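A short write-up of the structure that comes next.
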2 protein chains.
Amino acid sequence: MVKKRTGLVEALKEAGFRMTPQRTAICEALSTRFDHPTAHSLYEQVKAEYSSLSLNTVYQTLDTLLRIGAITSLGSAGDDTIHFEVNTDPHINLACLTCHRICDLNSTAIQALEAEVQEAIGSKVLSGRVVYYSECLEQSDPSDCRFNPASSNKEGRVDE
Amino acid sequence: MVKKRTGLVEALKEAGFRMTPQRTAICEALSTRFDHPTAHSLYEQVKAEYSSLSLNTVYQTLDTLLRIGAITSLGSAGDDTIHFEVNTDPHINLACLTCHRICDLNSTAIQALEAEVQEAIGSKVLSGRVVYYSECLEQSDPSDCRFNPASSNKEGRVDE
DNA sequence: AACCTTTAAGGAATGGTTCCATTATCTAGG
DNA sequence: CCTAGATAATGGAACCATTCCTTAAAGGTT
């Protein structure tokens, strides 16, 4: 049972940003794939639809979404590129340092964690990254990730 | 009451790595400062002692320490450079997106979090990053970070 | 002390991300 | 509708943290 996300487009509009076909397409792409995309992978995906799309536009849109808190940044998964998180529900991320995929892990403890943070600082928490690193495989075939939902975690989701 | 850290030098030796003056100096530098240094800031610090030190050596040593789990990587604090964590006790990191400093926050919930991770995956957890982002200041003077231990958190430690 | 292997140094290369100038596009106001 | 003013997209150049490569310089072992 995959939860439908609140629209990124709506979030941009509410924050007072102009809507353009590119932004709409990027938001669509973000909301349809349940992985942890990089700027480049999004670019490739949306460029299929808008051949004139600039990589720069993807970076700008991601930055805008970050600033309004609609997405978060998870940093690198051992591949020196930034992975983004579209699922804003509090959860743990498991990153594999071999295949560089990240999957979500539901957590009950993380609510308490965020409460601790909120209490410790006066100002508002803008975003958070909770990532644990491991090796999901002995072999190096990414299609066989041991973090895969099929093997250990019904609700986990795997990305590239 | 600051806890004395287990030696990084010893960890390297135990892992079978050769000791060199440079590595020793870098480990010393890491263990004496209680912040979340970047490769460059370590380089500047140790270069004062070893003028011939190469930035490359710092990167290599940090990578080695990462691989044996003696330190962890926290990623960027909004400044597009990697900050390292020398305190391997489980804790929360608070990063300020204005002044790019990170401080530690003791947490009780984080033990439960790591237990959840350990249970979810079969393989060993290599490292983790638990970072929350906020703005510590209205004004932009880094010396006045609201995350500063003096103001809110006795055990917090602030870095650049 | 000699040998083999690991490490340091220096500099060049890489590549993700950002910056800049120009052109196109959106939205509000007339 | 049309126009004006502001925001966004594009393309390409620039940036800079990090990595790669090659050579010279130690470690540590027999």
Side-chain angles (χ1 to χ4, degrees), chain A residues 8-9 11-29 36-47 49-68 71 73-84 97 100 160, chain B residues 8-29 36-68 71 73-84 97 100 160:
Chain A
L8 297 173
V9 173
L12 280 177
K13 280 183 186 167
E14 279 173 27
F17 288 95
R18 285 188 187 165
M19 286 317 300
T20 65
Q22 292 92 337
R23 281 186 174 171
T24 304
I26 292 169
C27 288
E28 281 292 317
H36 301 75
T38 63
H40 195 77
S41 73
L42 272 173
Y43 172 66
E44 291 298 336
Q45 180 182 356
V46 180
K47 195 178 178 59
E49 192 177 346
Y50 283 86
S51 57
S52 70
L53 182 74
S54 164
L55 178 58
N56 201 351
T57 301
V58 176
Y59 275 106
Q60 283 178 185
T61 303
L62 287 171
D63 185 62
T64 302
L65 289 168
L66 276 176
R67 273 185 290 141
I68 67 174
I71 64 176
S73 163
L74 295 179
S76 154
D79 53 357
D80 300 319
T81 63
I82 295 172
H83 290 252
F84 294 91
L97 292 174
H100 308 311
E160 63 174 6
Chain B
L8 298 172
V9 172
E10 286 75 12
L12 279 177
K13 280 183 186 167
E14 280 172 27
F17 288 95
R18 287 185 187 167
M19 286 317 300
T20 64
Q22 293 90 337
R23 279 186 175 170
T24 304
I26 292 169
C27 288
E28 281 292 317
H36 300 77
T38 63
H40 195 77
S41 74
L42 272 173
Y43 172 66
E44 292 297 336
Q45 180 181 357
V46 180
K47 195 178 177 59
E49 192 176 347
Y50 283 87
S51 59
S52 69
L53 183 73
S54 164
L55 179 57
N56 200 353
T57 301
V58 176
Y59 274 107
Q60 282 178 186
T61 304
L62 287 170
D63 185 60
T64 302
L65 289 168
L66 276 176
R67 274 184 291 142
I68 67 175
I71 63 175
S73 163
L74 295 178
S76 153
D79 52 358
D80 300 319
T81 62
I82 295 172
H83 291 252
F84 294 90
L97 292 174
H100 309 309
E160 63 173 5

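Chain A is the first sequence line, chain B the second, and so forth, proteins listed ahead of strands; every chain is numbered from 1. Just so we're clear, the structure is a prediction, and the values are computed from it rather than from any experiment. Values below: all heavy atoms of this structure, side chains included; hydrogens, waters and symmetry mates excluded.
Between A:Arg18 and C:dT25 there is no side-chain polar atom (N or O) within less than 4.0 angstrom of OP1 or OP2. For D:dT10, the OP1/OP2 oxygens have a side-chain nitrogen or oxygen of A:Gln22 closer than 4.0 Å. Between C:dT7 and B:Gln60, no contact under 4.0 Å exists linking OP1 or OP2 to a side-chain N or O. OP1 or OP2 of D:dA9 has not a single side-chain nitrogen or oxygen of A:Ser54 nearer than 4.0 Å. Look at B:Tyr59 and you'll find a side-chain N or O under 4.0 angstrom from OP1 or OP2 of D:dT18.
Pairing each heavy atom of B:Phe84 with each of B:Leu62, the nearest pair is CE1-CD1, 3.5 Å.
Counting only heavy atoms from C-beta outward, the side chains of B:His40 and B:Thr81 never approach each other to under 4.5 Å. Counting heavy atoms from C-beta outward, A:Met19 and A:Val9 have side chains that approach closer than 4.5 Å.
Between the CD atom of B:Glu28 and the CD atom of B:Gln45 there is a distance of 10.5 Å, given to the nearest 0.5 Å. Atom CG of residue A:Leu42 and atom SG of residue A:Cys27 lie 10.0 Å apart, to the nearest 0.5 angstrom.
When each of B:Thr81 and A:Arg23 is assigned the nucleotide of DNA chain D bearing its nearest heavy atom, the one mapping closer to the 5' terminus is A:Arg23. Heavy-atom nearest nucleotides on DNA chain C were determined for B:Thr61 and for A:Ile82, and the one closer to the 5' end corresponds to B:Thr61.
Rounded to an integer number of Å, the gap from A:Asn56 CG to C:dT22 P is 16 Å. Rounded to an integer number of Å, the gap from CG of B:Asp63 to P of C:dT6 is 16 Å. The NE2-P distance, from A:His40 to C:dT14, rounds to 17 Å in whole Å. One interatomic measurement links the two molecules: CG of A:Leu65 to P of D:dA8, which rounds to 12 Å at whole-angstrom precision. One atom, CE of B:Met19, and another, C1' of C:dA8, lie 13 Å apart when rounded to the nearest Å. What separates OH of B:Tyr43 from C1' of D:dT18 is a distance of 14 Å, to the nearest Å. For the pair B:Leu55 CG and D:dT18 C1', the interatomic distance rounds to 8 Å; values are reported in whole Å. Atom C1' of nucleotide C:dT18 and atom CG of B:Asp80 are separated by 8 Å, given to the nearest angstrom.
Here B:Thr20 lies in heavy-atom contact (under 4.0 Å) with sugar-phosphate atoms only.
Here the side chain of B:Phe17 is nearest to one of C:dT18, C:dT7, D:dC20, namely C:dT7.
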